[in-house]
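The structure appears right after this line, and notes come after that.
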Amino acid sequence: MANLKNKAEAWLADILGKQATFRAGQWEAIDALVVQRQHVLVVQRTGWGKSSVYFLATRLLREQGHGLTVLISPLLALMRNQIEAAQQWGLVAETLNSSNQDDHARIESALLANKVDLLLISPERLGNDRFYDRVWSRLRSNVGMLVIDEAHCISDWGHDFRPNYRRIMHILEDIPHEIPVLGTTATANDRVVSDVAEIIGAGMNIQRGALTRDSLSLYTYPEYMDTATKLTLLSHLLSSIGGSGIIYCTTTRDCLLVSEWLQKEGHNVKPYFSNVEATIDEDRIALEDQLMNNQVKALASSVALGMGFDKSDLSFVIHYQLPGNLISYYQQIGRAGRGIERAYVILMHGEGDEDIQRFFIDTAFPSVAQVESVINALKEFGAMSRNNLLGVVNVRISALEKILVHLEVEEIIGRQGSKYHLQKADATPDFARWKNITESRYQELAQMKTYVHSTDCLMRFIATELDDPNPVVRCGKCKNCTEAQSKFQPSTQAIARAQRFLRHGDPITFEPRKRFPMKLDGYRNTIIPHINQTGLAVCEYYDSGLGERVRQGRKINTYDESLLDASVETLTQNLLKDTRIAVVVPVPSLRRPQLTPVFAKSLADKLHLPYSEAVTHVEQHPSQEDQNNSHQQALNVLDRYKITGDIRGKTVLLVDDIADSKWTLTMIGELLGQSGAKAVYPFVLAVKNPSG
């Protein structure tokens with residue numbers, strides 16, 4: 001063993017420098033894998049060096065003649081970083097994923113010829129029939145070690161649970177028990193650790209380290225801030241803190257809002273989220289490189305910039321909104337201060353933050369009724385594709401995908417090609433467990449709120465709540481330990497500037513639907529004959545600021561003057577500059593007969609445009625909010641409206657308060673087109689899903 005350790009230490013010095021030595025626990029983990037060939041779970045803070053453990057263990061195992069290491073990793077961005085790092089450690093590393101399909105044949109040949117040391121795959125790849133049949137079936141006999149990175153994703157108690165991670169259980173059954181298995185995570189409390197250990201294997205060697213990060217100065221703003229105040233504070237903070245960092249935002253819209261505001265304030269800040277290249281001219285790799293090289297002050301980012309992003313001199317992490325739990329919060333702040341003595345971690349919160357988190361919690365698991373509807377459909381109709389299922393079950397596509405993964409991973413259903421079939425007709429998932437997890441996540445949200453207002457050492461609060469066996473007594477650097485007080489006092493002019501920005505911010509557009517989800521009665525094919533123009537919205541429904549006012553307006557059945565003013569400005573500065581509207585027409589509702597018409601009439605008066613209630617809601621139907629996919633939504637509003645006013649030859653501004661599925665606007669626009677409207681421009685206060 002001494003020779004192995006000496007060899008590993010020499011490699012460590014070659015890669016990281018002559019002064020590099022093993023941190024406490026690193027060699028112990030390597031020894032447990034290479035010598036004792038155990039199942040090991042390493043729970044260590046970000047920056048501790050978990051990747052060094054599996055890179056060195058892989059190199060030692062390969063020298064001994066063992067097979068390759070299979071590393072299961074959750075994110076493509078994380079895989080890119082891991083491949084680059086593996087190559088620095090002298091390993092031949094490859095990945096099979098959706099972005100490099102042209103290389104799959106070459107990589108598969110190299111794998112089967114034992115010319116690859118480390119294969120990185122996503123958990124979703126384990127559900128790929130081609131991979132399982134052509135690669136894994138022949139590769140599993142040559143696996144030297146299995147590594148499950150970000151192992152908390154296995155546990156549905158974890159903050160970032162992914163059902164596809166449960167496919168790992170089948171892989172574990174495929175490989176001999178004596179093959180070493182390593183799970184790594186920085187974000188796991190006792191409950192998650194216990195759950196992961198149970199899944200990966202009894203008798204697991206669990207190695208836990210301290211969670212305290214000496215370089216982080218934690219600061220919270222306990223006061224509840226409105227959006228204009230938060231934006232003004234962000235500009236102040238970026239002027240006060242040196243270096244570069246990350247500003248975490250909860251929604252894509254807020255990433256765009258924050259980055260645009262800070263750019264106007266003179267800060268080089270860009271947005272970052274999963275499909276950012278669809279919105280701006282730069283992709284995620286380019287944006288990551290700019291932050292790595294200090295070419296931007298910050299990225300206003302979703303949680304997509306989290307696991308695996310490693311910049312040693314990141315000097316700040318700011319949360320623009322309240323996170324859902326301390327575990328994900330700790331994972332995100334762990335990006336900062338890895339190679340510098342002090343980094344600043346700042347948390348603010350305001351209107352709408354909790355509403356967004358409650359939405360995430362409530363939609364994390366599909367409902368019992370939704371799961372049962374899928375099982376019953378497969379019982380009644382036999383094997384069905386996903387599109388077939390959407391036609392008969394009232395479930396969103398995203399929810400259906402979750403259901404199918406859950407049922408497939410638990411072997412309640414099977415899949416052949418594109419069709420799913422029942423394997424255990426009387427089985428159901430553990431719904432009681434799902435309910436308990438949901439309740440636990442509400443408790444975690446309450447815990448996050450307690451943290452914001454805590455007067456104790458903030459680092460100790462986090463470490464204690466995350467079950468650190470030896471939490472720090474006082475970190476000496478956080479707001480409470482140093483009794484620091486913010487000097488931020490926004491001027492009237494600065495707040496007014498932010499308020500003007502919020503009123504004049506870029507509008508949200510949404511593309512019209514062009515096809516019916518199926519052939520509908522009365523239509524010869526699926527192409528919609530009269531297609532609406534591009535829609536326009538003032539805000540997103542779950543935005544802070546205006547989104548909060550829309551949500552409040554629906555509760556009290558009236559919209560305030562600020563929403564009317566914002567609508568006038570949005571239309572005046574965008575649509576009405578180039579388009580002459582002939583008439584404003586509200587979308588009628590039998591449930592709320594006054595809400596939208598009253599608002600639309602006030603809007604028409606402010607714009608000095610004619611107003612007409614030219615559409616009649618002829619028959620009550622179930623709420624569109626209760627219809628969960630395009631098939632059900634389109635059918636729900638078919639033949640429910642009729643045109644009762646003369647709109648021939650007119651360009652119509654079709655006004656509604658909320659756009660979610662867009663099918664109500666689509667069907668009414670089709671009827672207006674049939675009745676001779678020249679063009680129909682949908683306009684709404686808030687949109688729930690701009691791209692859907």
Ion pair D353/R358, N-O distance below 4.0 Å: no

If the threshold is 4.0 Å, N to carboxylate O, is there a salt bridge linking K270 and E282? yes

For T666 and R513, does a side-chain donor sit closer than 3.5 Å to a side-chain acceptor? no

Under a 3.5 Å cutoff, is there a donor and acceptor pairing between the side chains of T509 and T534? no

Do the side-chain N and O atoms of R551 and Y541 include a donor-acceptor pair separated by under 3.5 angstrom? no

H319 side chain to Q332 side chain, donor-acceptor N/O pair below 3.5 angstrom: yes

If you measure only the distance, is there a donor-acceptor pair under 3.5 Å linking the side chains of D657 and Y559? yes

Testing the 3.5 Å rule here: is there a donor-acceptor pair between the side chains of D226 and T229? yes

Between E401 and R386, is there a salt bridge with N-O shorter than 4.0 Å? yes

Ionic contact status for K601 with D605, cut-off 4.0 Å: yes

Using 4.0 Å as the upper bound for N to carboxylate O, is an ion pair formed by R549 and E561? no

If the plane angle is over 60° it's perpendicular, under 30° parallel, otherwise tilted; pick one for Y641 and H617. parallel

Tell me whether S440 contacts the main-chain N or O of N436 through its side chain, where contact means a donor paired with an acceptor under 3.5 Å. no

